[in-house]
Amino acid sequence: MKSIAALHDVVTPWSDGLEPSDAELEEIEVELPLILAERDLLDAEIMTLDRTPTEVDEQRLRRACRRVLAARAALENRAAHLPSSGGAA
């Protein structure tokens, strides 16, 4: 009789690529304000799907849109100020 534990590595071999690298985690952290702003916008949109938006709903949607735009602009500005990784020709 064969042991399942002995075959475990054959069935699901461990790979170091399963966990995100430090660079990937840092990128996620940099993009987190945009991710959270987009989540808030989606929440605001979902709340108005099955009813007519009230004035408060419209304010919440506008505020969420402004947060998404500000987060995108900040991310783009940050990317524009980072030194490029490519070499000079």
Side-chain angles (χ1 to χ4, degrees):
M1 181 188 301
K2 293 184 179 181
S3 171
I4 294 174
L7 298 176
H8 183 70
D9 284 343
V10 175
V11 175
T12 55
W14 178 256
S15 170
D16 289 335
L18 293 177
E19 295 293 325
S21 68
D22 289 340
E24 291 170 329
L25 290 173
E26 189 172 319
E27 276 298 313
I28 292 170
E29 190 172 322
V30 167
E31 294 178 5
L32 191 59
L34 177 58
I35 294 167
L36 295 176
E38 288 176 337
R39 182 204 57 194
D40 291 343
L41 176 58
L42 184 60
D43 285 344
E45 291 172 340
I46 288 171
M47 286 183 63
T48 62
L49 284 177
D50 62 346
R51 63 185 166 118
T52 304
T54 64
E55 181 61 32
V56 173
D57 292 332
E58 291 174 3
Q59 288 175 357
R60 186 174 183 217
L61 282 166
R62 286 192 301 268
R63 196 175 311 120
C65 283
R66 285 193 301 267
R67 276 193 223 119
V68 168
L69 292 174
R72 284 183 183 165
L75 197 58
E76 288 296 321
N77 288 337
R78 184 181 190 282
H81 287 79
L82 292 177
S84 65
S85 60

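FYI, side chains are in, hydrogens and waters are out, and symmetry mates aren't considered; it's all heavy atoms of this structure. In this text, all values refer to a predicted model and were calculated from it rather than measured experimentally.
More than 12 heavy atoms of other shown residues, nucleotides or ligands fall within 6.0 angstrom of atom CG in N77. Other residues, nucleotides and ligands place more than 12 heavy atoms under 6.0 Å from the CD atom of E58.
E55 meets the salt bridge (charged side-chain N to carboxylate O under 4.0 Å, His left out) test with R62; sequence neighbours excluded.
Counting only residues at least two apart or in different chains, side chain to side chain donor-acceptor pair (under 3.5 Å) contacts with residues 36-52 comprise E38-R72, R51-D57. Sorted by first then second residue, the side chain to side chain donor-acceptor pair (under 3.5 Å) pairs that include residues 26-36, not counting sequence neighbours, number zero.
Hydrophobic cluster of M47: no remaining members, since no ILVMFWY side chain lies below 4.5 Å from it. Annotation for L75: hydrophobic cluster partners, listed by chain and number, are V30, L34, L41, L61, V68 (ILVMFWY side-chain heavy atoms under 4.5 Å, direct or chained). Using a 4.5 Å cut-off between side-chain heavy atoms of Ile, Leu, Val, Met, Phe, Trp and Tyr, L25 forms no hydrophobic cluster with any other residue.
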